[in-house]
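First up is the structure itself, then whatever we jot down about it.
Sequence positions, counted from 1, serve as the residue numbers for this chain. What you see below is based on every heavy atom in this structure, not just the backbone, and it leaves out hydrogens, waters and symmetry mates.
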Amino acid sequence: MNNNIFPCLWYDGDARESAEFYCKVFGGKITADMQMVLNIELFGQKIMLLNGGPQFEKNASISFMVLCESADEVQNYWDHLADGGIILMELGEYPWSKKYGWVRDRFGVTWQVYLGEKQGEQKIVPTLMYIHQNNGKAVQAMELYTRTFPDSKIVGVLKYGEGVGNESHEIPENVQHAHFEINGYSFFCMDNSYDHKFDFNEGVSIVVMTDNQEETDHLWNSLAQNGGRESMCGWLKDPFGVSWQIVPKRLIELMNDADQEKARKVVMAMMKMQKIVIKDLEEAAS
């Protein structure tokens with residue numbers, strides 16, 4: 001399981017409560033517990049929870065598909081996730097699954113619980129929905145991601161005109177469902193023409209841990225160009241508005257230095273950066 005790529009969920013103070021909830025629902029564990037950041041492990045997959053404040057709210061533009069192997073498994077997860085949540089698509093039988101439902105849980109995270117074929121080891125798959133000005137650009141986005149990351153490929157694409165369940169009269173050439181991998185980590189995606197009242201934002205982002213400055217520079221430059229937008233502290237938006245955090249592993253090492261003054265200096269230097277520059281962090285710590 002590749003844990004150098006993982007989702008980050010933004011919270012306004014309730015990250016720990018959410019972490020405990022997901023570990024109970026899915027049988028996971030909390031692997032890091034700091035004031036602002038918690039990491040959990042679900043089915044061997046890492047998810048970061050960030051107490052960032054009230055600025056951003058999570059929404060269904062990035063949801064999480066849970067691939068289940070039995071109807072009872074679907075029902076168990078659904079009962080927990082729907083408790084106190086908002087049902088977006090009722091649990092039931094659909095043309096693409098004998099048992100499926102879409103729900104926004106009590107913490108604002110959106111889940112698609114799905115009975116279907118297993119897709120390798122990865123049980124939870126982030127699912128990107130390209131809407132508004134990005135509707136029809138799912139293939140273009142996949143091409144950017146698989147061109148940018150090593151060990152990447154488009155696994156399969158189903159267009160609305162080829163699939164089932166197109167009662168909403170979507171554009172036939174648009175993507176109903178697609179599966180792609182970047183650096184061995186699976187994503188799903190789709191186009192959608194509905195005028196949703198949300199879009200991609202920092203509420204759900206994708207973290208990429210890099211080995212060196214060369215990799216950091218490559219990913220940063222590739223994702224931020226052609227309409228992307230650089231932000232602070234290693235955050236950027238790609239040309240489609242998806243938020244990424246490009247984080248050198250060396251940053252984490254320096255921030256966890258036993259010498260708290262050195263660690264503080266590293267954090268202060270990082271806070272002034274857009275793209276993370278390892279050499280400048282090391283100089284700040286020296």
Side-chain angles (χ1 to χ4, degrees), residues 7 25-26 42-43 45 58-83 85-105 109-132 134-143 145-146 152-182 185-200 204 206 240 242:
V25 172
F26 297 111
L42 307 177
F43 309 109
Q45 295 176 236
K58 301 174 286 294
N59 66 57
S61 60
I62 301 182
S63 59
F64 296 92
M65 187 86 75
V66 186
L67 304 176
C68 301
E69 298 179 59
S70 71
D72 287 345
E73 187 183 9
V74 172
Q75 190 70 54
N76 177 53
Y77 296 147
W78 179 264
D79 289 345
H80 286 92
L81 296 170
D83 184 16
I86 299 170
I87 293 173
L88 304 180
M89 290 182 68
E90 291 283 354
L91 183 65
E93 182 174 342
Y94 292 88
W96 57 86
S97 175
K98 292 289 187 182
K99 198 162 190 175
Y100 166 92
W102 196 336
V103 61
R104 185 178 189 264
D105 71 26
V109 180
T110 307
W111 303 87
Q112 299 184 62
V113 190
Y114 173 87
L115 175 61
E117 293 184 12
K118 198 174 179 183
Q119 308 278 330
E121 294 180 16
Q122 194 171 320
K123 181 87 169 177
I124 300 175
V125 183
T127 303
L128 312 177
M129 182 163 57
Y130 293 88
I131 55 181
H132 303 142
N134 292 311
N135 182 34
K137 296 183 180 179
V139 169
Q140 185 181 336
M142 287 190 289
E143 289 172 347
Y145 304 147
T146 54
S152 299
K153 61 183 176 181
I154 297 175
V155 179
V157 179
L158 178 69
K159 303 289 183 68
Y160 281 103
E162 305 164 341
V164 293
N166 189 19
E167 295 84 359
S168 57
H169 307 293
E170 290 279 355
I171 300 167
E173 293 78 20
N174 281 5
V175 171
Q176 183 178 31
H177 175 80
H179 177 193
F180 66 99
E181 295 179 0
I182 58 172
Y185 185 88
S186 283
F187 290 84
F188 295 150
C189 70
M190 69 183 85
D191 290 308
N192 189 276
S193 301
Y194 187 79
D195 185 21
H196 296 284
K197 303 306 179 188
F198 55 78
D199 210 333
F200 295 127
V204 182
I206 308 299
F240 310 97
V242 178

Taking every heavy atom of M142 against every heavy atom of C189, the minimum-distance pair comes out as SD-SG, 3.6 Å

Heavy-atom side-chain contact between R104 and T110 under 4.5 Å | yes

So do the side chains of Y145 and S152 get within less than 4.5 Å of each other, counting heavy atoms only? no

Rounded to the nearest 0.5 angstrom, the CZ-CZ distance for F200 and F240 is 9.5 Å

Here the salt bridge (Lys or Arg N to Asp or Glu O under 4.0 Å) pairs for residues 87-96, sequence neighbours left out, are E93-K98

In this structure, CG of L81 is separated from CG of N76 (nearest 0.5 Å) by 9.0 Å

Q. Do the side chains of V204 and F64 get nearer than 4.5 Å, heavy atoms only?
A. yes

The side chain to side chain contact (heavy atoms under 4.5 Å, CB included) partners of H177 (sequence neighbours excluded) come to F188

By side chain to side chain contact (heavy atoms under 4.5 Å, CB included), S186 pairs with (sequence neighbours left out) Q122, V125, H179, E181

K99 meets the side chain to side chain contact (heavy atoms under 4.5 Å, CB included) criterion, sequence neighbours left out, with A71, V74, Q75, L91, L115

Residues passing the side-chain hydrogen bond (donor to acceptor under 3.5 Å, both in side chains) test with T127, sequence neighbours excluded, are none

Rounded to the nearest 0.5 angstrom, the CZ-CD1 distance for F187 and I62 is 8.0 Å

Smallest heavy-atom separation, W111 atom then V109 atom, equals CD1-O, 3.4 Å

What one should report as the nearest heavy-atom pair of V103 and A82 is CG2-CA, 3.7 Å

Contacts of S61 meeting side-chain hydrogen bond (donor to acceptor under 3.5 Å, both in side chains) (sequence neighbours excluded), chain-then-number -> N59

Decide yes or no for D195 and K197: does some side-chain heavy atom of the first lie under 4.5 Å from some side-chain heavy atom of the second?
-> yes

The ring-ring contact (aromatic ring centres under 6.0 Å, His included) partners of Y94 (sequence neighbours excluded) come to W96, Y100

By ring-ring contact (aromatic ring centres under 6.0 Å, His included), Y77 pairs with (sequence neighbours left out) F26

Rounding to 0.5 Å, atoms CH2 (W102) and CH2 (W78) come to a distance of 11.0 Å

In this structure, CG of L67 is separated from CD of Q112 (nearest 0.5 Å) by 10.0 Å

D83 meets the salt bridge (Lys or Arg N to Asp or Glu O under 4.0 Å) criterion, sequence neighbours left out, with R106

By side chain to side chain contact (heavy atoms under 4.5 Å, CB included), D199 pairs with (sequence neighbours left out) I131, H132, Q133

Whether N192 side chain and M129 backbone form a donor-acceptor pair below 3.5 Å: no

*Side chains of I124 and L42: closer than 4.5 Å at any heavy-atom pair?*
yes

Those residues at least two apart in sequence (or on a different chain) that pass salt bridge (Lys or Arg N to Asp or Glu O under 4.0 Å) with E73 are K123

N135 meets the side-chain hydrogen bond (donor to acceptor under 3.5 Å, both in side chains) criterion, sequence neighbours left out, with N174, S193

